[in-house]
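Side chains included, hydrogens not; waters and symmetry mates left out as well; all remaining heavy atoms used.
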Amino acid sequence: FVAAMGLRLVSGRNFETERAPDPGGVLINEKAVQAFKLANPVGARLRAGEETFRVIGVLKDWHTNSIHSEIYPVLAYPAGEDAAEVVVRLPEGRTSETIREIRSVWGRLMPGQPFDLEFVDEVLVRAYVEDRRLAILLVSFCFLTILVACLGVFGLASFSAEQRTKEIGIRKVLGASVPALVMLLVRNYSRWVLWANLLAWPAAYFAVRKWLSAFAYRTPLGPGPFVLAGL
């Protein structure tokens with residue numbers, strides 16, 4: 001399971017087919033080490049009711065659920081005869097052929113039992129359907145909003161320049177520089193853009209912070225995106 005799922009051991013060892021079965025041997029993740037407050041986890045004994053387990057290795061934490069929830073303590077042990085699920089890493093380029101082989105072996109070992117399978121990547125896609133839909137909506141509305149805003153600012157700039165054509169000509173004749181003329185035109189409506197940003201930033205900050213609070217692990221929210229949006 002460790003190799004198939006691409007997990008990483010940070011200490012201890014994995015279960016090994018060459019060794020005698022580990023009676024009560026288990027693997028735990030780093031979160032379990034914290035939860036059980038184990039200073040030296042490898043070799044530590046854990047009790048659950050009448051059963052005693054011995055930690056043989058520690059796995060680096062991985063997400064067992066969606067990233068909306070925290071990483072939970074995990075205790076992994078060899079499956080017994082009542083195991084009902086198998087995890088298989090398919091070789092690249094041989095998906096269909098390998099599934100046919102698995103189905104054939106399953107039919108010989110488990111006659112009469114239904115063969116149900118699902119792909120991990122499809123499970124992950126289903127876990128974030130709502131987030132993907134929200135992302136598409138936000139990007140679409142943002143694009144439309146920016147387009148309308150840019151058209152408005154462009155129209156305002158064009159109207160301002162047309163209204164002051166004679167003034168601009170006189171200033172140019174009297175020696176005004178191009179940057180000075182641009183500032184003359186920009187100054188009229190740039191303050192409205194600035195006020196719009198000052199009003200939008202707090203609203204956007206609280207909205208994004210509320211959305212990020214739905215995730216157990218989230219990116220820090222700095223001023224960079226707001227300044228970039230303002231520019």
How many angstroms lie between atom [atom1] of [X] and atom [atom2] of [Y], to the nearest 0.5 angstrom?
{"X": "F215", "Y": "S66", "atom1": "CZ", "atom2": "OG", "result": "8.0 Å"}
{"X": "L199", "Y": "L194", "atom1": "CG", "atom2": "CG", "result": "9.5 Å"}
{"X": "S69", "Y": "H63", "atom1": "OG", "atom2": "NE2", "result": "8.5 Å"}
{"X": "R164", "Y": "L181", "atom1": "CZ", "atom2": "CG", "result": "10.0 Å"}
{"X": "L138", "Y": "T145", "atom1": "CG", "atom2": "OG1", "result": "10.0 Å"}
{"X": "L59", "Y": "L27", "atom1": "CG", "atom2": "CG", "result": "5.0 Å"}

Is a donor on one side and an acceptor on the other found under 3.5 Å between the side chain of [X] and the backbone of [Y]?
{"X": "S158", "Y": "F154", "value": "yes"}
{"X": "Y128", "Y": "I67", "value": "yes"}
{"X": "D61", "Y": "E30", "value": "yes"}
{"X": "R171", "Y": "I168", "value": "no"}

Is it true that R100 and E97 have a side-chain N and a carboxylate O under 4.0 angstrom from each other?
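Looking at E97 together with R100, the answer is no, because their closest N to O distance does not fall below 4.0 Å.
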Between the side chains of R94 and E101, is the shortest nitrogen-to-carboxylate-oxygen separation below 4.0 Å, so that they form an ion pair?
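So E101 pairs with R94 through a salt bridge.
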Is there a continuous path of hydrophobic side-chain contacts, each under 4.5 Å between heavy atoms, that joins [X] to [Y]?
{"X": "M5", "Y": "Y72", "value": "no"}
{"X": "L7", "Y": "F15", "value": "yes"}
{"X": "V123", "Y": "I99", "value": "no"}
{"X": "W211", "Y": "L137", "value": "no"}
{"X": "V129", "Y": "L134", "value": "no"}

For the residue pair W201 and F226, categorise the inter-ring angle as parallel (less than 30°), tilted (30 to 60°) or perpendicular (more than 60°).
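Geometry flag for F226 against W201: perpendicular rings.
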I'd like to know whether L9 forms a side-chain contact (heavy atoms from CB on, under 4.5 Å) with N14, so could you lay out the CA-CA distance, the side-chain angles of the two residues, the decisive distance to 0.1 Å, and finally the verdict.
CA-CA 8 Å; L9 275 166; N14 192 7; 3.8 Å; yes
Work out which heavy atom in [X] is nearest to a heavy atom in [Y]; give both atom names and the distance.
{"X": "V55", "Y": "P41", "result": "CB-O, 3.2 Å"}
{"X": "R209", "Y": "L221", "result": "N-CD2, 4.2 Å"}
{"X": "G6", "Y": "R89", "result": "N-NH2, 3.7 Å"}
{"X": "W106", "Y": "Q113", "result": "NE1-O, 3.3 Å"}
{"X": "A32", "Y": "V74", "result": "CB-O, 3.8 Å"}
{"X": "K31", "Y": "Y217", "result": "NZ-OH, 4.4 Å"}

Taking the side chain as every heavy atom from C-beta outward, state whether [X] and [Y] have any pair of such atoms under 4.5 Å apart.
{"X": "S140", "Y": "I136", "value": "yes"}
{"X": "K60", "Y": "N29", "value": "no"}
{"X": "V86", "Y": "F1", "value": "no"}
{"X": "W62", "Y": "I71", "value": "no"}
{"X": "V88", "Y": "I102", "value": "yes"}

More than 12 foreign heavy atoms under 6.0 Å from [atom1] of [X]: is that the case here?
{"X": "W192", "atom1": "CH2", "value": "no"}
{"X": "F159", "atom1": "CZ", "value": "no"}
{"X": "D121", "atom1": "CG", "value": "yes"}
{"X": "E162", "atom1": "CD", "value": "no"}
{"X": "E16", "atom1": "CD", "value": "yes"}

H68 and D131: side-chain contact (heavy atoms from CB on, under 4.5 Å), yes or no, with the steps?
CA-CA 10 Å; H68 289 278; D131 297 295; 2.9 Å; yes
Have T52 and R47 got a donor and an acceptor in their side chains that come within less than 3.5 Å?
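Distance-only check passes for T52 and R47.
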Go through the structure and list residues passing side chain to side chain contact (heavy atoms under 4.5 Å, CB included) with L75, not counting sequence neighbours.
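Once residues adjacent in sequence are excluded, the partners of L75 under the side chain to side chain contact (heavy atoms under 4.5 Å, CB included) criterion are V26, I28, L46, Y77.
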